[in-house]
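As structure tokens, the structure follows; a few thoughts come after it.
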Amino acid sequence: MKQIARFAILSVVLLGLVALLHAQEPIAPTDTPQTTESTDASASADSSASADQAASDRGAVGTLFDKLKAGGNTVLVQVLISIGGLAFAVERFINLRRGNIVPAGFFERVDSLWSQGRVEEIEAVCNAHPSTLARIVKALVAHRNSAASDASTVAGDIGARELKLHLQKAYPIAVVATIEPLLGLFGTVWGMILAFDKVALMGSMGNAAALSSEISLALVTTAVGLAIAIPMLILYHYFKSRTNIMAISLEEQVNELISRHIIRKSQPEAAHAH
């Protein structure tokens with residue numbers, strides 16, 4: 001159900017972006033009628049100034065969308081890829097939370113129960129707070145009578161596997177940040193090829209103004225690629241750093257549990273055996 005809802009949201013966003021890219025040019029605003037009466041001269045001037053400002057704003061927006069439309073299919077592909085990257089970023093914001101890896105207060109609760117010998121209640125606490133740390137604690141409880149090295153190996157395998165999965169889910173964001181500028185460069189090079197071909201067809205009638213206009217449109221894809229790649233790269237390194245910070249916290253808490261309740265327990269038993 002979550003995947004269906006996610007794809008539905010992405011479809012709506014995609015349709016909206018496609019509609020914007022294919023939107024018609026804005027209607028030019030009509031001129032403000034002038035009046036010959038001196039008492040309305042000031043009001044007419046203010047109205048004309050407001051109309052000019054509004055027309056300028058609409059013209060700027062219209063020019064932006066016109067340039068994006070001029071980018072052609074390359075810009076459309078870039079937008080589609082950016083939507084995919086945004087979906088992965090939203091998923092990371094939702095799932096890469098402290099509560100899913102090392103919940104606050106969980107270590108203290110488990111440590112207290114284990115110290116009191118209420119080991120059977122730890123499993124209920126783990127089930128009530130599903131997380132990476134909870135799954136590791138359940139494995140430690142199941143192997144509490146094993147050697148400390150074996151328990152540490154089991155805990156390390158679980159933690160490494162789940163943290164690697166978190167990093168892997170952030171990797172597509174880095175892929176988007178990498179290919180977006182390359183797509184932009186491709187669109188620019190292709191647009192410049194077409195621009196020079198157009199000038200060549202003009203022959204002696206060609207001029208620099210026509211060439212500069214075509215090159216300006218060709219550079220749109222590069223601008224779009226950079227505008228998408230920069231925030232995507234920032235997001236990827238943010239999620240990667242956040243995952244590493246949580247991994248350090250997880251490792252500290254797991255090592256502390258092993259040291260307090262498995263290693264110390266095995267030491268008296270070894271001394272008694274001697």
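For the single chain, residues carry numbers from 1 onward in sequence order.
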If you take all heavy atoms of [X] and [Y], which pair is closest and at what distance?
{"X": "Ile262", "Y": "Ala148", "answer": "CG2-CA, 3.8 Å"}
{"X": "Leu140", "Y": "Ala151", "answer": "CD2-O, 3.6 Å"}
{"X": "Pro231", "Y": "Ala227", "answer": "CD-O, 3.1 Å"}
{"X": "Ala155", "Y": "Val254", "answer": "CB-CG1, 3.8 Å"}
{"X": "Glu120", "Y": "Gly117", "answer": "OE1-O, 4.1 Å"}

Practice task
Tell me, please, which residues at least two apart from Phe239 pass ring pair (Phe, Tyr, Trp, His ring centres under 6.0 Å).
Solution key: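 In terms of ring pair (Phe, Tyr, Trp, His ring centres under 6.0 Å), with neighbours along the sequence ignored, Phe239 is linked to Phe93.
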
Do [X] and [Y] make a side-chain contact, defined as non-hydrogen atoms from C-beta onward lying under 4.5 Å apart?
{"X": "Lys138", "Y": "Asn127", "answer": "yes"}
{"X": "Phe106", "Y": "Cys126", "answer": "yes"}
{"X": "Arg161", "Y": "Leu165", "answer": "no"}
{"X": "Ile228", "Y": "Met232", "answer": "yes"}

Exercise for the section: State whether a side-chain donor-acceptor pair under 3.5 Å links Gln78 with Ser82. Expected result: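 No, no side-chain donor-acceptor contact under 3.5 Å.
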
Roughly how far, to the nearest 0.5 Å, is the [atom2] atom of [Y] from the [atom1] atom of [X]?
{"X": "Trp114", "Y": "Gln116", "atom1": "CH2", "atom2": "CD", "answer": "14.0 Å"}
{"X": "Ile136", "Y": "Leu257", "atom1": "CD1", "atom2": "CG", "answer": "9.5 Å"}
{"X": "Asp157", "Y": "Ser152", "atom1": "CG", "atom2": "OG", "answer": "9.5 Å"}
{"X": "Arg144", "Y": "His261", "atom1": "CZ", "atom2": "NE2", "answer": "12.5 Å"}
{"X": "Ile81", "Y": "Leu76", "atom1": "CD1", "atom2": "CG", "answer": "10.0 Å"}
{"X": "Glu252", "Y": "Glu256", "atom1": "CD", "atom2": "CD", "answer": "9.5 Å"}

Examine distances only and state if a side-chain atom of [X] and a backbone atom of [Y] form a donor-acceptor pair shorter than 3.5 Å.
{"X": "Arg92", "Y": "Ala89", "result": "no"}
{"X": "Ser249", "Y": "Met246", "result": "no"}
{"X": "Ser115", "Y": "Asp111", "result": "yes"}
{"X": "His143", "Y": "Ala139", "result": "yes"}

Just wondering, are more than 12 heavy atoms of other shown residues or ligands nearer than 6.0 Å to [atom1] in [X]?
{"X": "Phe88", "atom1": "CZ", "result": "no"}
{"X": "Gln168", "atom1": "CD", "result": "no"}
{"X": "Lys240", "atom1": "NZ", "result": "no"}
{"X": "Arg135", "atom1": "CZ", "result": "yes"}

Practice task
Go through the steps to decide whether Leu163 and Leu250 satisfy the test side-chain contact (heavy atoms from CB on, under 4.5 Å), and finish with yes or no.
Solution key: CA-CA 10 Å; Leu163 290 172; Leu250 178 67; 4.1 Å; yes

Exercise for the section: Go through the steps for Val141 and Glu123 under the test side-chain contact (heavy atoms from CB on, under 4.5 Å), then give the verdict. Expected result: CA-CA 8 Å; Val141 171; Glu123 184 174 359; over 6 Å; no

Review item, side-chain donor-acceptor pairs of residues 181-192, under 3.5 Å, at least two apart:
unit_1, atom_1, unit_2, atom_2, d
Thr188, OG1, Gly184, O, 3.0
Thr188, OG1, Ala218, O, 2.9
Thr188, OG1, Thr221, OG1, 3.2
Thr188, OG1, Thr222, OG1, 2.4

Going by atom type alone, with no hydrogens or angles, which donor-acceptor pairs under 3.5 Å involve a side-chain atom of residues 96-105 and a protein atom two or more places apart or on another chain?
unit_1, atom_1, unit_2, atom_2, d
Arg97, NE, Ile94, O, 2.6
Arg98, NE, Val102, O, 3.3
Asn100, ND2, Asn95, O, 2.8

